[in-house]
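The chain is numbered in sequence order, starting from 1. Note that this is a predicted model, so its numbers are computed, not measured.
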Amino acid sequence: MDIQARKIQFIQEFLKLKNEDMIAKLENLLQQERQKQYQSINEPMSTETFNSMIDRAEDDSKNSRITSAGDLKNEIDTWS
């Protein structure tokens, strides 16, 4: 079952609920999970990770593993 089918099935089951406590628990769970996801995305980067990213970027530049903005724009123009 794909994600869209699972969401539809979940919504159908949710709409059948008559117990307000269960609805409140599901609302709280959704809010907690969204907050966790937001925090993980916006978590500060460690100095080691930042320096590692810089080192990799410099290495990519030295070894010509980069794409110019013009080349990228030309590639994007061919997508449609």
Side-chain angles (χ1 to χ4, degrees):
M1 182 181 315
D2 70 346
I3 189 75
Q4 288 301 102
R6 290 176 60 199
K7 290 190 308 187
I8 291 170
Q9 184 178 7
F10 179 81
I11 290 169
Q12 289 172 339
E13 290 299 316
F14 182 81
L15 291 173
K16 293 177 188 175
L17 292 176
K18 295 185 182 357
N19 183 320
E20 287 190 37
D21 289 337
M22 189 177 288
I23 293 170
K25 286 179 183 179
L26 289 170
E27 289 171 335
N28 288 335
L29 177 63
L30 180 60
Q31 184 180 15
Q32 289 171 4
E33 291 302 314
R34 280 188 175 162
Q35 187 173 14
K36 284 180 193 176
Q37 187 177 24
Y38 177 80
Q39 287 173 346
S40 69
I41 291 170
N42 295 307
E43 197 169 283
M45 185 183 307
S46 71
T47 304
E48 293 81 17
T49 301
F50 182 67
N51 287 332
S52 174
M53 290 176 71
I54 291 171
D55 292 341
R56 281 184 291 170
E58 288 176 342
D59 186 59
D60 286 343
S61 180
K62 287 177 190 172
N63 292 299
S64 299
R65 292 187 303 253
I66 57 173
T67 302
S68 72
D71 289 344
L72 181 59
K73 184 184 179 309
N74 290 336
E75 183 180 336
I76 291 171
D77 289 341
T78 66
W79 291 355
S80 52

Counting only pairs under 3.5 Å, give me each side-chain donor-acceptor contact of residues 19-28, with atom names and distances, residues two or more places apart or in other chains.
{"from": "Asn19", "atom 1": "OD1", "to": "Asp21", "atom 2": "N", "distance (Å)": "2.8"}
{"from": "Asn19", "atom 1": "OD1", "to": "Met22", "atom 2": "N", "distance (Å)": "3.1"}
{"from": "Asn28", "atom 1": "ND2", "to": "Ala24", "atom 2": "O", "distance (Å)": "3.3"}

Review point. Does atom CZ of Arg65 have more than 12 heavy-atom neighbours from other groups under 6.0 Å away?
Key: yes
Practice item. Please identify each residue that fulfils side-chain hydrogen bond (donor to acceptor under 3.5 Å, both in side chains) with Lys18, with sequence neighbours left out. Key: none
Below 3.5 Å, can you tabulate the donor-acceptor pairs from side chains in residues 5-17 to any protein atom, sequence neighbours excluded?
{"from": "Lys7", "atom 1": "NZ", "to": "Gln4", "atom 2": "OE1", "distance (Å)": "3.0"}
{"from": "Glu13", "atom 1": "OE2", "to": "Lys16", "atom 2": "NZ", "distance (Å)": "3.4"}

Exercise for review: Taking the side chain as every heavy atom from C-beta outward, state whether Asp55 and Asp59 have any atom pair closer than 4.5 Å.
Suggested key: no
Revision key, fill the gap. In this structure, CG of Asp60 is separated from OG1 of Thr67 (nearest 0.5 Å) by 10.0 Å
